[in-house]
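Below: the structure, in structure tokens.
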Amino acid sequence: MAAGPEMSVAGELFLEFALLSFVAFGGATALLPEMHRVVVDNHHWLDDTTFTHLYAIAQAAPGPNVLVVTLIGWEVAGLAGALAATLAMCLPMSILIYLLIDRWESFSGKRWQQAVSLGVAPLAVGLVFSGATLIATSASLGWAAWLLLAATVVANLRTKLHPLWFIAVGAVLGLLGLV
């Protein structure tokens, strides 16, 4: 009897994330603002803090960035929610691409195909940037954290340091209570 409402929520998760999967240019991270709108603002399944924490856990864990979707599903509706959200994010677009890839390749070199390919890149960058902005504002960062964010961006653009060094520095500063 208790599984009824959970399956209903899992079904809603599947529908919401299936729709999102069709605009996932740049991966799941690019969809963070829309995921936030659906999960936090529309359905009230999560609050801002939990959403941000799930994103942080997903980024800290090894694997694809779609892990955030699995964690959201798990938090909202347990195992059924995790499976529903993950399948919804991966399956519909995978099927569509499988069915259309031969057609797409037949248009190789056509002007409109090149235009579409070129147009998707800035779209993906803009979506990822809006996701980063959402996470930064949801995290309620203080001035020290904003300073660390700016220093990380500058250092990342000017050096070839591995991102794990930036994570380590942030972790140490957090442990020391400086951010």
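Note: hydrogens, waters and symmetry copies are ignored here, and every other heavy atom, side chains too, is used.
Of all heavy-atom pairs spanning Val69 and Ala85, the tightest one is CG1-O, 3.3 Å. Between Leu67 and Ala61, the closest heavy-atom pair is CD2-CB, 3.6 Å. Across Leu20 and Met35, no two heavy atoms sit closer than the pair CD1-CG, 3.7 Å. Scanning all heavy atoms of the two residues, the minimum distance from Gly131 to Leu32 falls at CA-CB, 3.9 Å. Scanning both residues, Ala77 and Val9, for their nearest heavy atoms gives CB-CG1, 4.0 Å. Here the closest non-hydrogen pair linking Pro92 and Ala88 is CD-O, 3.0 Å.
Within the 4.5 Å cutoff, side-chain heavy atoms of Leu79 are placed close to those of Trp74. Side-chain atoms of Phe166 and Thr159, non-hydrogen and from C-beta on, do get closer than 4.5 Å to each other. Counting only heavy atoms from C-beta outward, the side chains of Val76 and His43 never approach each other to under 4.5 Å.
Rounding to the nearest 0.5 angstrom, the gap separating the CG atom in Asn65 from the OG1 atom in Thr29 is 3.5 Å. Here Phe17 contributes atom CZ and Thr70 contributes atom OG1; the two are 9.0 Å apart, rounded to the nearest 0.5 Å. We find the NE2-OG1 distance between His36 and Thr52 to be 6.5 Å, quoted to the nearest 0.5 Å. Remark: Glu75 CD to His53 NE2 distance equals 11.0 Å, nearest 0.5 Å. Taking CG of Leu147 as the start and CG of Leu178 as the end, the distance is 11.0 Å to the nearest 0.5 Å. Rounded to the nearest 0.5 angstrom, Phe51 CZ and Ile135 CD1 are separated by 5.5 Å.
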As a quick check of understanding, evaluate side chain to side chain contact (heavy atoms under 4.5 Å, CB included) for Leu164 and Ile167, giving each step before the final call. CA-CA 5 Å; Leu164 286 176; Ile167 294 170; 4.2 Å; yes
Could you please spell out the steps behind the side chain to side chain contact (heavy atoms under 4.5 Å, CB included) verdict for Val169 and Trp165? CA-CA 6 Å; Val169 168; Trp165 288 109; 5.6 Å; no
What do the steps show when you test Ile95 against Leu99 for side chain to side chain contact (heavy atoms under 4.5 Å, CB included), and what is the final call? CA-CA 6 Å; Ile95 291 171; Leu99 295 173; 3.9 Å; yes
Candidate pair Trp104 and Trp112, rule ring-ring contact (aromatic ring centres under 6.0 Å, His included), full reasoning: CA-CA 11 Å; Trp104 181 256; Trp112 69 268; 5.8 Å; yes
Worked check of side chain to side chain contact (heavy atoms under 4.5 Å, CB included) between Met89 and Leu31: CA-CA 11 Å; Met89 187 57 112; Leu31 293 177; 3.5 Å; yes
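In the hydrophobic clustering of ILVMFWY residues, with side-chain heavy atoms under 4.5 Å counting as a link, Val23 and Val68 come out together. Leu173 and Leu149 are assigned to two separate hydrophobic clusters, defined by single-linkage of ILVMFWY side chains at heavy-atom distances under 4.5 Å. Both Tyr55 and Ile57 are members of a single hydrophobic cluster when ILVMFWY side chains are connected at heavy-atom separations under 4.5 Å. At a threshold of 4.5 Å between side-chain heavy atoms, the hydrophobic network of Ile, Leu, Val, Met, Phe, Trp and Tyr places Val179 and Val172 in one connected group. The hydrophobic clustering, which links ILVMFWY residues whose side-chain heavy atoms are closer than 4.5 Å, places Leu46 and Leu134 together.
For CZ of Phe22, the number of neighbouring non-hydrogen atoms (other residues, nucleotides, ligands) closer than 6.0 Å is greater than 12. A 6.0 Å sphere centred on CZ of Phe107 holds more than 12 heavy atoms belonging to other residues, nucleotides or ligands.
Screening residues 31-53 for salt bridge (Lys or Arg N to Asp or Glu O under 4.0 Å) gives Glu34-Arg37 as the qualifying pairs, with residues at least two apart or on separate chains.
Remark: side-chain polar atoms of Thr86 are not paired, donor with acceptor, to backbone N or O of Leu83 under 3.5 angstrom.
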